[in-house]
Each structure stands twice: as C-alpha cells, then as structure tokens.
Amino acid sequence: MEHSNRVNGTNGTNGTNGTNGVNGVNGVAHKPRSASRSLPFLTDTLGNSLNDRLLFAVPKKGRLHQVCLDLLHGSDIQFHRHSRLDIALVKNLPLALVFLPAADIPTFVGEGRVDLGITGRDQVAEHECAVPPTTTTGVEQILDLDFGKCDLQVQVPQKGALNRPEDLIGKNVVTSFTNLTEQYFRRLEAVQDGSTATNEETNGEKKKLRTNIKYVGGSVEAACALGVADGIVDLVESGETMRAAGLKAISTVVSSSAILIKSKHPSDPKLVDLILARIKGVITAQKYVLCTYNIQRPKLEAACKITPGKRAPTINSLEEDGWVAVSSMVERKQIAIVMDKLTETGACDILVMKIDNSRTH
C-alpha cells in the first residue's frame, strides 16, 4: 500500500499537479468535484475517496471480461487491480473501475450509482423489463462495441414434438432471463387468446401466465435432459453447446452484443465524452486496416471506387509522371478481396498496415 502522503499529498495522485490535480492530463479538469450521484461518502478498500472520480463498471467475469480489459488497455486507461478487490483506481484519469456481474451493471448505472458501464444488450433488456426507464432513471446506450455477439433463443429437444414457441405455452420453461422470457410468452399467450394487450390486469394484478417459467442460474442447457423443463431460453453464440445438449433453436427473443451505457446524469459529462472517443477509436482500429498502393492516374477513379475510405482516400503524386500513391482505410474482413480487385485494376506496391488506434467520425 502506498503511503498516504503519496496518494493524497501535494504532488501525489490526487495533488495539485498530480494525475488528478487541477493541471491534469488531456485537458480534463481533475480537481475534486461535487458528486452528482447522491451517494454516501464512498471509499475503496485502500482508503481513497471515490466521490471525486467517475465510476466505470465493467464485467468482473464471464465472456465479456477479458475483451473489456483489452479495450480499456487500448484506450490507455491505466489501472492495477489488487487481488480480490472489485475496485481499481485509474492512474492517469479521475476514474475508478468497479468490477460487477454483467447482470447487475444496468441497475447500478440506471440508478445513477455508477456513471458508465459495459454490459450486454440482453442484460439491459432484462433489467428494463422489470424496471422500465423514466426521464430520470434508466440507462442510455451510447455505443455498440461490436463484440460479444449472441442471441437469446427459445430452445427445445431436437427429438420431440415441440417445433414452435407456441407449443411451449402451458409447459415448463427454464431460463436465467426470467423477465424477458415472461414478456415473450405473455405476448404469445395474448396472441393465442386473440388479445392485443400483453399485460391485462385483474383486480390490479397482471393476468396469470399459463406458461411455467423457472429460474436457473447456470447450466440451463441441461434442464431438458434432466426433466426439469420442456424447453429453455438461453444465450447462444456458436450453437455448439446447444447442439451437444441435443437442443435446437425455434425462435429468437433478442439479439445481443456488448454495449457501452451511461447514466442519464453522469458526474462528469466531459470525461464521459473523452472515454467514449477513446473507445470508439480502439473499436475503429480493430475493424479497419490502412491500405496503400501506387496506380497510374487514368486508373485512379476505378481504384477509388474499390477503396473509398471512411471519408475519401488520400492521394499524393509520385515523382514519376502519371503515377499517384493512394492511402485508404479498408475493413479488415474485406482486405483480401480488396487487394485482389486492386491488382486487377492495375494497382501495384499494395501494402496493408495495422492501425493501433484512431480518432474518426
């Protein structure tokens, strides 16, 4: 543990000229701020105040965890997470990372207890089924991070008479997403009953659901084989686990990917915008490569149609008359096809370079 005068002293981490001081980095005012989170006085286990820091929730484990850490590293968010602690102070920004279960992040961000968070779109949808957003509560989805893609699907045994989601009405369905599953089957039952309302109330209470929905926290795919369920609602990425369990998908409840969310009242909007710009830059760098090539000027128009770039290609004249050099951003997944087409068009000296980071619109 660092000595207290290094953490909060004049020239330390939170000092006048330190990382979180008045003269902080990147033009972000790092002086202590009046927190807008309506929190009790927050301190982490190391005894450092968190009330003057933006709080950023990231998944503490699971399929999104490591990708999120790589994203933070690429965004130059420098931190060290002490063993067994779920809070890490960022060294170069007035920011603290809070490691939470992905399912809990929409709650903390939606209530304004945490300013930013990364979680799955499925988790936000599950939360909003139970706690609908208002003008002051709930989350704002500000960026699709383009990873962690999956589908929440209705699944039934491959060998069986159940082939449509309607076949599960009145039967046992097991899931970890009880709110979304209830909403889905409530709609199915309403359609079957010839009603347009999905939340019919009797004496102030919702109409009783005929389908029996059970919660299971893990290994949902085993529920049918063990006789606990007639069907399940679970996340599917590649589908290998589902097929190995003898299941097939018959409907998709919601498609999901990792998203960046923020509170409707963040404590430091300027810092939120800075972090958003950095993360966007990393995502763009992962998605694109820089393609450069030489081509004769009469063939330039055809080549530029192949490599239009994000806005427009960069074109420079070469010393040799009639030739130009072209640089353009190209989607990584398309680069092999683009190179083939450029070669056919007459381009030469084609080079492809990795982009480490970017700032683009």
Side-chain angles (χ1 to χ4, degrees), residues 1-15 18-21 24-26 28 30-120 123-124 127 139 145 147-148 217-218 258-263 266-268 271-272 274-276 278-279 282:
M1 180 183 295
E2 296 186 23
H3 196 271
S4 59
N5 63 7
R6 293 185 60 192
V7 176
N8 294 316
T10 304
N11 296 313
T13 305
N14 292 325
T19 304
N20 294 330
V25 297
N26 298 321
V28 177
H30 290 178
K31 58 186 177 182
R33 294 173 281 108
S34 298
S36 64
R37 289 186 287 264
S38 299
L39 294 173
F41 185 75
L42 268 178
T43 57
D44 71 351
T45 310
L46 300 180
N48 298 299
S49 170
L50 298 181
N51 273 321
D52 60 345
R53 290 175 179 261
L54 192 86
L55 299 186
F56 190 168
V58 293
K60 66 186 297 184
K61 58 183 179 180
R63 61 191 181 89
L64 301 181
H65 175 71
Q66 187 58 50
V67 190
C68 288
L69 295 186
D70 295 341
L71 185 61
L72 295 174
H73 176 73
S75 303
D76 194 34
I77 295 175
Q78 303 171 16
F79 68 95
H80 173 70
R81 183 183 179 188
H82 292 269
S83 177
R84 298 186 180 183
L85 294 185
D86 288 336
I87 294 177
L89 301 183
V90 174
K91 302 174 184 178
N92 58 334
L93 290 170
L95 182 68
L97 302 179
V98 185
F99 294 88
L100 297 169
D104 294 342
I105 291 175
T107 299
F108 283 88
V109 177
E111 293 182 358
R113 308 298 180 178
V114 174
D115 302 286
L116 276 173
I118 295 176
T119 188
Q123 299 292 356
V124 173
H127 171 71
V139 307
L145 300 176
F147 63 81
I259 54 175
L260 180 67
I261 59 176
K262 73 172 183 177
S263 163
S267 59
D268 190 340
L271 183 55
V272 169
L274 175 69
I275 294 170
L276 174 60
R278 288 191 179 189
I279 291 177
V282 175

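Quick note: residue numbers are just sequence positions, from 1.
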Given side chain to side chain contact (heavy atoms under 4.5 Å, CB included), test Val124 with Thr119 step by step and report yes or no. CA-CA 8 Å; Val124 173; Thr119 188; 3.8 Å; yes
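A distance of 8.5 Å separates CG in Leu64 from CD in Gln123, rounded to the nearest 0.5 Å. Taken to the nearest 0.5 Å, the CG atom of Leu93 stands 11.0 Å off from the CZ atom of Phe56. Between the CG atom of Leu85 and the NE2 atom of His80 there is a distance of 9.0 Å, given to the nearest 0.5 Å. The NZ atom of Lys61 sits 14.0 Å away from the CZ atom of Phe99 when rounded to the nearest 0.5 Å. The CG atom of Leu69 lies 5.0 Å from the CZ atom of Phe79; values are rounded to the nearest 0.5 Å. Put simply, CD1 on Ile105 and CG on Leu116 are 11.0 Å apart, with the number rounded to the nearest 0.5 Å.
Under the side chain to side chain contact (heavy atoms under 4.5 Å, CB included) criterion, Ala96 pairs with Leu50, Arg53, Leu55, Leu89, not counting sequence neighbours. A search for side chain to side chain donor-acceptor pair (under 3.5 Å) contacts involving Arg63 returns nothing, not counting sequence neighbours. Every side chain to side chain contact (heavy atoms under 4.5 Å, CB included) that Ser75 has, sequence neighbours left out, goes to Ile77, Arg278, Ile279, Val282. In terms of the side chain to side chain donor-acceptor pair (under 3.5 Å) criterion, residue partners of Asp86 (sequence neighbours excluded) are, by chain and number, Lys60, Arg81.
Annotation for Leu100 and Ala57: closest pair CD1-CB, 3.9 Å, computed over non-hydrogen atoms. Considering all non-hydrogen atoms of both residues, Ile118 and Cys68 come closest at CG2-SG, 3.4 Å.
You'll find the side chain of Leu97 reaches within 4.5 Å of the side chain of Leu72, heavy atoms only. Leu145 places a side-chain heavy atom less than 4.5 Å from the side chain of Leu260.
Judged as a side-chain hydrogen bond (donor to acceptor under 3.5 Å, both in side chains), not a single pair has a partner in residues 93-103 (not counting sequence neighbours).
When atom types are taken as modelled, the side chain of Asn92 and the backbone of Gln78 share a donor-acceptor pair closer than 3.5 angstrom.
Test Asp104, Val109, Thr107 against Val114 for side chain to side chain contact (heavy atoms under 4.5 Å, CB included) and you get one pass: Val109.
Residues Asp115 and Ser263 have side chains that never bring a donor and an acceptor to within less than 3.5 angstrom of each other.
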